[in-house]
Amino acid sequence: MAAMLKPPGNFSVTPHKVSVCIVLQIYAPPAQITLPFPFPFSSIAQHNRLGMFLLALTKSCDDIFEPKLDELITQLREIGGELDHWLSDHLTCRLSSLSSPDDLFNFFSDLRGILAGPDSGVVVDDQIILDSNSNLGVFLRRCILAFNLLSFEGVCHLLTNIGTYCKEALSSCPTYELPHLDDSSNEVEALLVYENMDLENFVFDKVTEETEARKMASEKVSFHIHAPKALFGLIEDIEVSAELKFKHREKTGEASSFAHHMKDTLRGIDPNGGIFLRTNWQIQGYLCEQADAIEKHSCSFPLNAFESILRQLQKLAPELHRVHFLRYLNNLYHNDYPASLENLHCYFDYSAGAEGFDFVQPTSSASNSFGRYEIALLCLGMMHFHFGHPKQALEVLTEAVRVSQQQSNDTCLAYTLAAICNLLSAIGISSTTEILGSSYGPVTSIGTSLSIQQQLFVLLRRSLKRADGLKLKRLVASNRLAMAKFGLTHVQRPLLSFGPKASMKLKTCPVNVCKELRLSSHLISEFSTESSIMITDGVFSTAWLKNLQKPMGSLVLSLENASGANSNAFHFCAQPNSIPGSVLQLLGSSYLLRATAWEIYGSAPLARINALVYATCFSNASSSADVALAYTKLIQHLAVFKGHREAFAALKLVEEKFCSISKSRILLLKLQLLHERALHLGHLKLAQQVCDELGVLASSVTGVDMELKTEASLRHARTLLAANQFGQAAAVAHSLFCMCYKFNLQVENATVLLLLAEIHKKSGNAVLGLPYALASLSFCQSFNLDLLKASATLTLAELWLSLGSNHAERASILVQGALPMILGHGGLELRSRAYIAEAKCYLSNPSFSVFENSEVVLDPLRQATEELEILEYHELAAEAFYLIAMVFDKLGQLEEREEAAASFMKHVKALENPQNEQDPLFNIH
Amino acid sequence: MSSKESCRNELRTAICQLSDRCLYSAAKWAAEQLVGIEQDPAKFTPSHTRFQLGSSSIRRRFRTNEIASTPTAGVSSVSTPMLEEDEAIDGDFYLLAKSYFDCREYRRAAHVLRDQTRKKAVFLRCYALYLAGEKRKEEEMIELEGPLGKSDAVNHELVYLERELSMLRKNGTVDPFGLYLYGLVLNKKGSENLARTVLVESVNSYPWNWNAWTELQSLCTTIDILNSLNLNYHWMKDFFLANAYQELRMHNESLGKYEYLQGTFSFSNYIQAQIAKAQYSLREFEQVEVIFEELLRNDPYRVEDMDMYSNVLYAKECFSTLSYLAHRVFLTDKYRPESCFIIGNYYSLKGQHEKSVVYFRRALKLNKNYLSAWTLMGHEYVEMKNTPAAVDAYRRAVDINPCDYRAWYGLGQAYEMMGMPYYALHYFRKSVFLQPNDSRLWIAMGQCYETDQLQMLEDAIKCYKRAANCNDTEAIALHQIAKLSKDLKRSEEAAFYYKKDLERMEAEEREGPNLVEALLFLATYYKSQKRFEEAEIYCTRLLDYTGPEKETAKSLLRGMRKAQSGFSSIDIEHLPP
């Protein structure tokens, strides 16, 4: 029993349309009949303005939300000039004079008179003729037609609706209380209303204080938000006093703009208050739009407010099953597992997945008696993935593969394969057998001799091929991204382990990564020409609103000194364009991936530029989590190159912007920064505390949140190292290495090995440290981690140095070799370490004489101290100052020596008594 | 419980008052109970008593513990219906209004009473308005089947009624009937807590209004809510509790209450039907059938509850009785949802699923919240291999009552049929959660775990164990556990369960392949354990059966004999079977 859907584009007469018709009648008074009112316009301009207004009204009449009478009247006043009272009075008079069905019949037959009939040869001089093919004419004809199609009952209903429509405006007295939203932004909203009170002209002079109070209480007056703006946006030559109001809105930020939207929606579908149900198509569009919004804003999307709207919608339209899907999405992004599970099942039980699921092309076997339950499985799998249940997710996705093969739904199969790839690459799998049951089809069919990584590679290639064959452009692009991601961290090995062995360079292939990335962004060129495939019609009718919901203010943070002035340049993003949001999102993630790739390969400027491109151009189209990621990258860059003060300042801005959104990503960044800084300042207790907090963020399931887990234990080891607990630090690092090895995290391995080398260096066991440093170097080489390689080289040099002065030459060569890379791309810490190492090489070289060439040593040391001061890295700074003091001592420049010694003293003291330092930055925590 | 005579008097007065206020269904219910009280044989002519004798026979047959003559369980708070206003001065307007009401001209009735202030008149006015609103709502539902396929029709009178009645309540000028109406309105408007309070007030001051009790019952969705109600004692409360227990699936408690009530109301058809309902839930079909036969003899034109009778007949595959029943209800009232349901059941039994669906649909058209019709329609669609439609029908049932384990089970089955066993598990889990003592559900879930695609045998065994613990009448569970344990190479466990299964089959004197399988396994198992005596017993038993197993048993026996005679049992080579 599939849902019975009415054809789209249902045009029904509503009270609002009746009022528009009345205004139309004023605009173009019928010729034959003697006017019941005098021609009111004093000037042509005034008349034209009304015409423009009407045009805008008719264009926006397909909106989900229709303005109420008082809103309409307010708008009329704004354009009416001196006519305002006359217009609105006339409108209300006309409306209230419609008291019997016969009045309505007469009204609509009068309306015919406005239209220029084909026989209207004789034209009276100053008569305004409405061409029946013009916009206004077509609107009028549609209204008349819709009215004529109404049954008598329908006419009666229209009459009652008009009654309520008028009554509401007149008394502003809600018969029903609005369902109370338990949304925190309510208070903000109430305040806002209060602020705006003076801006709003009440329509009727006799509004008593009581009704005012009621209005405020019921929060029904927030009318200035969407629809009116849509209208005013169209009419350029009308100067609107509403400008003022907009500013209020922008200030309150995203959360409250949602609230407004909610309210409008509520009003739109509130059965007792306004009652204007929209067509199915429009509601579908609205729901699509909301789905996008949920995915974009995830947690910050108001859960309860939207839930209550959905519940209401469901009550009104039980046959509209997509509501269940929206409820699922809403719950999913608020991490409510039972509710989302329930709603997902509910949605697919009802609609069998047949009710316009976006990515299913209408051409593919539409009349499938089986339904589209494979999509249900796909969704369920992705849900489990989202909640971090990899095992269940794999089971379900396997079932999805099987069912879509049975139903020969290739599209779904391609998507499922892509989902499995995502899953496999996102979770750490040590071995196939551990996590995959014997039933695991797609992977086991390849053959068990391959490692999981190789299987993933094969799967990726298959999935890409399939998507290419099916011409699923978006999927191809996202598969290419997955390939690039895979190529970034994996060395390709030959799949066959027999036959003649070709000589293989065991290295990752950055060229391939670049190629995949470039290919994936070809997607946009395909969409710029082709008409979009997505079902946009429903969405498009709400595009008027969508346009304005977008916060007009600057989205790009003025992280650097970039002023807010150029942020206006990004307004174009807000215009509805032909490129679907999902494409933009994909394109954006390719930039984000580029940034990550450059980060890994070790080019700081390129990474930064890509992150910046993303933050400026794609932040509108992409999800808040991704935007947060881009900002995170930028801030990390700041922290590394400009020191922590700037980074914390930027973090503060970002935190404000995202208020509650994607807490985890920003929170993670904050913890990372805090930890880094605590280490530099020698606040070891705090560092440990932050470290523990970081560890708690990760899920407890094995294989999930690997990134976080490695991060946490890496930082743990570093804290221990800073506390000079070498044995423990080495143990932690060792177990981390084992874990990374088990889950095939090679890039992390390089870092861990380097850390081990550091630990041994610090503990004075340089000989033990050497093999670790060398191992790390070779890892870096095969994964093309250039910056990390430079840093490993530096560590190697330091190790040699600590072995004695006879290795100084070798160390010097190593440092010199790494210097170009470090000075070009390295951060403050790395650079100063290199400077110090360079100086040390000179100093410990027996053939080097300070007296001859003191600047060679002093210059890098000075550089190092400068940079370390910015970083507030006490330990290294003390070392640098110590060296400077020694050099000056040798040179016999006592004054400078004392100065350097004093600085040394300061840093050592700060390091020893970290508590004494009153640091405002820590208070953020 | 109060004496029969006092009950009788209370009910007599109540019936007059209820029908005076046009609460006809409550009056009907009260009258049924009035007649259900056992008559004092001294006062009545033998013809009367003979009319009632028939029913007592079945009562005797099934009542295990005869309740001693009506002990007083508590003191009723209200003894006789009070007559708060003098009936004599019933205004002429009231009489007019009531006659309009009786002719279903509700608005007219309300209009006549517009200026009346007496409680009775106010109640009737409000009640008439409420019904008028309901009627209009029904009409609008059809008119407004607008672009969304569904209307937003509401009873427009609710707002007014709520305001009016809450004001009356505040002033203290509202009678229990008004409170009942207020509770009804509140429930419709979704303020359930207040509705409960108001209804409790109503039934505490006037317990004979069954409508108020049923309304209150619909608000008791959990046992906690039920227990938290502050109800005064009255014998009507027992009826309420019995009904509420039943809806909360506490069938034994409910049965106890009804049997207790039968002490006074020994001829009540209502109680008999309710007992049948409880027995049906406990799957005691024989008893249910007898009760219904009796009921139909006494009350041949009854349509209520006959759908359940048809289910019993369906389960017992009584073609002709079911067709007779269908014919009878069809002649009595064709447009009752129950009638259509019974006919649907009949066609289903005949295997004509398309026709059956037509009638279930008709039943649903008449009452779209007819739970079991949705579920059974789902079953029909499953039979017709139209799984999406089946899923849809089941889901509707579940949405009407999320505690309907049959529909959850149906959903699971449908998905399993479509080859989505993992997806189906979700539904099976739901159904076993709601009905944890039903072995069939556990077995279905176990089978789902066992499917080729999933092969989650451990979980399957767990399910079967649960099934075996809750009285698995079809004896599938034990056998399955044994088989799965064998497949998982846990022979000790397998032997334990095979033995249990065997004992059971012996007790029930059942034969079949399962028996042979068990014997064969046990024989080989004991032989491998070197417990030859036991092995021999099983082998000899196997010899009674024909087929390849007999030969295997023979060779096993031969092997064991060899092992025991002469040779030391250690280095004997086992003969291949």
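Being a predicted model, the structure only gives us computed values, none of them experimental. All chains are named by letter (A, B, ...) in the order of the sequence lines, taking the proteins before the strands, and each is independently numbered beginning at 1. All values below come from the heavy atoms of this structure, side chains included, with hydrogens, waters and symmetry mates left out.
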Report, as yes or no, whether the 6.0 Å neighbourhood of atom [atom1] on [X] holds more than 12 heavy atoms from other residues, nucleotides or ligands.
X: R104(B); atom1: CZ; value: no
X: F433(B); atom1: CZ; value: no
X: H111(B); atom1: NE2; value: no

Please tell me if the side chains of [X] and [Y] come closer than 4.5 Å, counting only heavy atoms from C-beta onward.
X: Q453(B); Y: E395(A); answer: no
X: V398(B); Y: C346(A); answer: no
X: H157(A); Y: E140(B); answer: yes

Search all heavy atoms of [X] against all heavy atoms of [Y] and return the closest pair with its distance.
X: G419(B); Y: V403(A); result: O-CG2, 3.7 Å
X: D392(B); Y: Y350(A); result: OD2-O, 2.8 Å
X: H345(A); Y: R395(B); result: C-NH2, 3.6 Å

Please round to the nearest 0.5 Å and tell me the distance separating atom [atom1] of [X] and atom [atom2] of [Y].
X: Y415(B); Y: D349(A); atom1: OH; atom2: CG; result: 3.5 Å
X: L377(A); Y: M418(B); atom1: CG; atom2: CE; result: 9.0 Å
X: Y373(A); Y: M420(B); atom1: OH; atom2: CE; result: 8.0 Å

Exercise for the section: Against chain B, label A376(A) side chain, backbone, both or neither, depending on which of its atoms sit under 4.5 Å from a heavy atom there. Expected result: both
Exercise for the section: Could you tell me whether the side chain of E399(A) and the main chain of Y423(B) form a donor-acceptor pair under 3.5 Å? Expected result: yes
Exercise for the section: Identify which part of Y394(B) has an atom lying under 4.5 Å from any heavy atom of chain A, answering side chain, backbone, both or neither. Expected result: neither
Exercise for the section: Against chain A, label K430(B) side chain, backbone, both or neither, depending on which of its atoms sit under 4.5 Å from a heavy atom there. Expected result: side chain
